[in-house]
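Input: a single structure, listed below in structure tokens.
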Amino acid sequence: MTAKTSLQAPALPPGGSAPASAATRESLEDYTLRFAPRSYRKWGVGIVATSALGGIAYLADFAIGANIGMAYGTVNALLGIALAAAVIFVSGFPLAYYAARYNLDLDLITRGSGFGYYGSVLTNIIFAVFTFIFFALEGSIMAQGLELGLGIPRWLGYAVSSLLIIPLVVYGMNALAKVQVWTTPLWLVLMVVPLVYLGLAHPESVVEFFAYKGQGGGGASLASVMLAAGVCLSLMAQIAEQIDYLRFMPPKTAANGRAWWAAVLVAGPGWVAFGALKQAIGLFIAVYLIARLDPAAAATANEPVHQFLGVYSDMMPPWLAMTLAVVLVVISQIKINVTNAYSGSLAWTNSFTRLTRRYPGRLVFVFVNVGIALALMEADMFSVLNTILGFYANCAMAWIITVATDIGINKYVLKISPKVPEFRRGMLYAVNPVGFASMVLSAGLSIAAFFGAFGPAVQPYSPVVAVVVAFAATPLMAVATRGRYYLRRVDDGIDLPMFDHDGNPSGETVRCHVTGLDFERPDMIRSAVPGPDGEPRYISSLALATDRSGEHVLPAQR
């Protein structure tokens, strides 16, 4: 049990506190606007890690691997996959650590890592776009499976794949953990068996795989490698979805330190190892289908349902092959799209509430995110997959690299950015030019390069532009501004330690005088409105986020 402190004040009358009160329904809202308190984080490191990895069960990797391999050849595709994986792992590590250590989602981390309280709204929208793009992609794959296996029209399959997800997302982490843990063993078996079969029954397929030149028929090319890597780097924002699970990690202690670190590494940046493997497998199966089964298979070799159906059909009776292929597609789509819908609802809600001071509830944005994804599916986004992902990669890389650089360089090398992440309104400036300007510059230049503004010779290297500009501009901006825009205040007005003796966020509770509820210490700040007798009163970050008057915000100290 967490200890109660003496820092309590009588609750105000309920008038005006409805938005904050609505957001405290943890069973539905799942700590949308604030850090995940110790009292709620009841899962062990293994459950959290398994749940996080369940979110990478998507089949889009198979389609991505097949698409870039068919376009640029096996060697270029594999080199692009490896390059992208290395960049994603290195940039994802500091973000995953901060999420697990301080129990914050990536939006809260971004606020204090160079963007400011309102500056991170832009990155939140970038992430929300990621969730509905990949929801649509996975929903399209499921609709392909339903059409092939059950004869359901594609348009109806899109609707089924969307509506199926909504009930599973309602109860947040409580329900998602069960879904991910229960479905993972069957998913692993269905995915791994075809690869093992091909390696044992058709060893010559390995030779054919490495010899495949793609549609261009050329050899190894740096430009082709970069184009392939650019598509794969669109998945960089996946770390934000991993973090939506990692924020529920239990406190790190001497007793669980080794398991804690293993879970953070594997379920955090380590997700990309599984993703890269799936991309390579997708290309491997596509080459097998094109070379061994039917020359016309190239038309559907990039569709995961046809990939697995083709291999299963070589192993077992057609009826069983079809059944297993459809089961795999449905399980995979459910596992990833519950995460896409959940994470998207968090991102939209965070942005909307900060900008409007209104809290409509996370469930409203579940419907918004799913609705946008459904519209994309009906517009057949699958047919222009490479272009969409290549363009989006520039925005995702600019954001993630900027935040990772602020943590790794500005916090730990230059020591300009505060090491402890801050996310509370009143403690931060509205916009911090260090991260915000660096990301806008990086995304702008890389998008311009992507569309050929700097000539065809530079066009394939737009991912390099995004990474290099973000990595260079972030510390330069920190030095130029001398770090003055990170913190508006250095004292939150509460005389209680923020962390326990192990360095974890404190579990001590403080009474919020607006909602009348107790919140853990890291979520609280002193109110600028004293009590009737001049005594100090305290307000939660949640109530402060929905305060339209601004009267509770403490004056600036810097």
Side-chain angles (χ1 to χ4, degrees), residues 57-82 84-85 137-138 140-145 147-149 190-220 224-225 227-232 234-235 274-315 321-322 324-326 328-329 332-333 382-390:
Y58 51 86
L59 295 179
D61 272 329
F62 296 95
I64 290 171
N67 275 327
I68 61 175
M70 292 166 66
Y72 309 117
T74 294
V75 173
N76 292 319
L78 291 180
L79 291 174
I81 290 169
L137 179 54
E138 289 298 314
S140 297
I141 293 171
M142 180 172 172
Q144 293 163 5
E147 182 181 50
L148 184 65
L190 292 175
M191 189 190 74
V192 171
V193 165
L195 180 67
V196 174
Y197 169 79
L198 289 181
L200 295 177
H202 300 284
E204 69 281 1
S205 61
V206 177
V207 177
E208 295 169 345
F209 171 63
F210 285 105
Y212 182 65
K213 301 293 186 182
Q215 295 166 354
S224 295
V225 170
L227 287 168
V231 176
C232 298
S234 64
L235 294 166
F274 300 96
L277 179 61
K278 289 192 294 172
Q279 290 163 14
I281 293 173
L283 175 55
F284 181 60
I285 296 176
V287 172
Y288 171 78
L289 294 179
I290 294 169
R292 303 284 301 176
L293 297 183
D294 181 1
T300 56
N302 65 336
E303 296 181 5
V305 63
H306 285 279
Q307 292 176 353
F308 284 94
L309 178 60
V311 181
Y312 285 144
S313 296
D314 204 33
M315 299 168 53
M322 180 66 73
L324 292 181
V326 173
L328 174 62
V329 168
S332 298
Q333 194 266 353
F382 197 85
S383 62
V384 289
L385 179 62
N386 277 8
T387 302
I388 291 177
L389 297 185

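Sequential numbering from 1 along the given sequence is applied to the chain's residues.
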Rounded to the nearest 0.5 angstrom, the CD1-NE2 distance for Ile141 and His306 is 11.5 Å
Distance col, row Tyr212:OH vs Asn76:CG, nearest 0.5 angstrom, shows 12.0 Å
| said: Counting C-beta onward and ignoring hydrogens, is there a side-chain heavy-atom pair between Leu324 and Met315 closer than 4.5 Å? | reply: no
Which of Phe62, Phe210, Phe209 passes ring pair (Phe, Tyr, Trp, His ring centres under 6.0 Å) with Phe284? It is Phe209
- Query: Using the ring of each side chain (for Trp, its six-membered ring), is His202 parallel, tilted or perpendicular to Tyr288, with breaks at 30° and 60°?
  - Reply: tilted
To the nearest 0.5 Å, atom CG of Asp61 lies from atom CD1 of Ile281 at 9.5 Å
For Ala228 and Gly80, the nearest pair of non-hydrogen atoms, with its separation, is CB-CA, 4.3 Å
Between Gly145 and Val305 the two heavy atoms that sit nearest each other are CA-CG2, 3.5 Å
For this session: Starting from the C-alpha separation in whole Å, work towards a yes-or-no answer on side-chain contact (heavy atoms from CB on, under 4.5 Å) for Asn67 and Val231.
Result: CA-CA 9 Å; Asn67 275 327; Val231 176; over 6 Å; no
Output for pair (Gln307 CD, Leu328 CG), nearest 0.5 Å, gives 10.5 Å
Item checked: Test side-chain contact (heavy atoms from CB on, under 4.5 Å) applied to Leu283 and Ile81, step by step -> CA-CA 11 Å; Leu283 175 55; Ile81 290 169; 5.7 Å; no
When rounded to the nearest 0.5 Å, the distance separating CD1 of Ile68 from CE of Met70 is 12.0 Å
Here the gap from Leu148 atom CG to Glu303 atom CD, rounded to the nearest 0.5 Å, amounts to 9.0 Å
Note: Ala77 and Gly69 closest approach over all heavy atoms is CB-CA, 3.7 Å
Nearest heavy-atom contact between Gly149 and Met322 is CA-SD, 3.4 Å
Looking only at heavy atoms, the pair that brings Ser313 and Ala321 closest together is N-CB, 3.6 Å
